[in-house]
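Notes for the one structure printed next.
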Amino acid sequence: MDQLLQFVFSGLTVGAVYALVALGFTLIYNASDVINFAQGEFVMLGGMVTVFAHAAGVPLPLAALLAIVVAVATGLAVHRFAIEPARGANAVTLIIITIGASILIRGLAQIMFDKQFHRFPAFSGEDPIAVLGASILPQSLWVLGGAAVIVAALWLFMERTLLGKAVRATAANRLAARLVGIDTTLVLALAFGVSGAIGALAGILVTPITLTSVTVGTLLALKGFAAAMLGGIGNPVGAVAGGLVLGLLEALAAGFLSSTYKDAVAFVVIIAVLFVLPQGLFGKRAVERV
Amino acid sequence: MLRVEGLRSAYGRIEAIKGVGLEVRAGEIVALIGANGAGKTTLLRAISGVQPITAGTILFEGERIETLPPHARVARGIAQVPEGRQVFGPLTVEDNLLLGAFRRGAEHAAEGLDQVYALFPVLAEKRRLPAAGLSGGQQQMLAIGRALMSRPSLLLLDEPSMGLAPLLVDQILEVVAGLRARGLTVLLVEQNAAAALAIADRGYVLETGRVTHEGEARALLRDPRLREAYLGV
């Protein structure tokens, strides 16, 4: 029982990160039908920029802020210089462009940083807290709490502000959005910027636990994608649920089977979803638009 | 108010409109009629800027607008009610309307909401419901209301009667006729030619991408060739 609880804690922590990556996918997908595989690089940038700025003597909060700014700028640049020039190309072409962008970002990061694993100190100490016989790191609480705040802030933005409603309108019906005067190019740029910020925050929160390096983005992008698929691509609630479920499955597989198979879980989930539940847990059945 | 000259537009290699010219004067209701595939919808979409054009000019209030993006044309006073209504299904009725005023900002929207609710009281009753749950007629009202929220001077209406019961068609077209009294200019695309010409001042007939007839609505209604081809008499 204690052991199970321990797996649940670690599963939820890593699941919260997958959830944030999946949310980034969802935002951009809804604005454009594009799956942005550079999403994982935003997480990498969040961690790495913070590490190196902190090592250079910048206080941790400022270093984190700098990392968010860098990730947002990177997201906007991907949109402006990779997606926007190919406007009108089909979604598959754009998806391949995002894979190219992710390789470029990783390459540049390798030149600017190094290939080592890094971390910075946890925000409020490293001593585990005992909970019902299991233990949880204070940083895990930061991850879970931070993810909850991000999800809530995003929900408020989407539901309560006119700009957020414009993003939802663009997702619901792009033609009508253009006809009411929404600049859908700007909405997509906004989606890339916000996805960059969310990814960077995820990277900053989780780096003291999982460590980071320039190559962490690839696997995170795939796992975030698996989470988004599991939840039903395009559905923000599904993205969060999918992320948490995937994290739990991984932790349980690592705990009860073998940690060797941990990374395989995400891919088994992708295959299972495609075979059994193509619309995901919360997705709508595909509707033919007329 | 609106003058279109030599307009061409194509889907890939297939040219949908092949050099169309038309004029809409301030305060008019102009009907654009023609069979399926004649290019009516393409023309409206080109005027709104959501359909690329390959040649021609579009003058709105004396200025060329054919290179402006759609949102800039909305800001200048052109609003379209698209074919098939295209409401934002998951959003509430009220959010759909507020987004209609997106270019004007939320602070101007309250007054617009009151006017739309006065015009279509059923929308006020359903303001908190998702638009996808409305009936076809109610969605058409919502689409018209959403377009009015931008305070347009020119309203482009694409097939407002499509898929509606005859009684509703009359009701919607009555509203359209009433909009003119508020100073709105209307370009109305309809397959239901008789109903459209009945409320219009002038009309154009589009056939396979070209204007084949134009004139006073009453004259078009009496034209024997048109009566046979479009009015079913």
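Computed from a prediction, not measured in an experiment: that's the story for all the values here. Proteins come first, then strands; the chains are lettered A, B, ... in the order of their sequence lines, and each starts at number 1.
- At a heavy-atom cut-off of under 4.5 Å, chain A is reached by B:Arg45, B:Ser48, B:Gly49, B:Val50 from residues 38-69 of chain B, listed in order of number.
- With B:His71 as the fixed residue, the side chain to side chain contact (heavy atoms under 4.5 Å, CB included) test singles out one of A:Thr184, A:Leu186, A:Asp183: A:Asp183.
- More than 12 non-hydrogen atoms from other residues, nucleotides or ligands lie less than 6.0 angstrom from CZ of B:Arg180.
- Using a 4.5 Å cut-off between heavy atoms, B:Val87 touches chain A through its backbone atoms (N, CA, C, O) alone.
- Contact residues of residues 137-169 of chain B toward chain A are B:Arg146 (heavy-atom distance under 4.5 Å).
- Heavy-atom contacts from other residues, nucleotides or ligands closer than 6.0 Å to OH of B:Tyr11 number more than 12.
- Atom-to-atom distance recorded for B:Gln86:CD and A:Leu179:CG is 8.5 Å, nearest 0.5 angstrom.
- From B:Arg73, atom CZ reaches atom CZ of A:Arg178 across 9.5 Å, with rounding to the nearest 0.5 Å.
- Between A:Ile182 and B:Leu99, the shortest heavy-atom contact is CD1-CD2, 4.1 Å.
- For the atom pair CD of A:Glu159 and CG of B:Leu91, the computed distance is 8.0 Å after rounding to the nearest 0.5 Å.
- Summarising the local packing, CZ of A:Arg80 is surrounded by 12 or fewer heavy atoms from other residues, nucleotides or ligands at distances under 6.0 Å.
- When all heavy atoms of A:Ala176 and B:Phe88 are compared, the pair lying nearest together is CB-CE2, 3.6 Å.
- Between the OG1 atom in B:Thr92 and the NZ atom in A:Lys165 there is a gap of 6.5 Å [rounded to 0.5 Å].
- Between the CG atom in A:Leu175 and the CD atom in B:Gln80 there is a gap of 7.5 Å [rounded to 0.5 Å].
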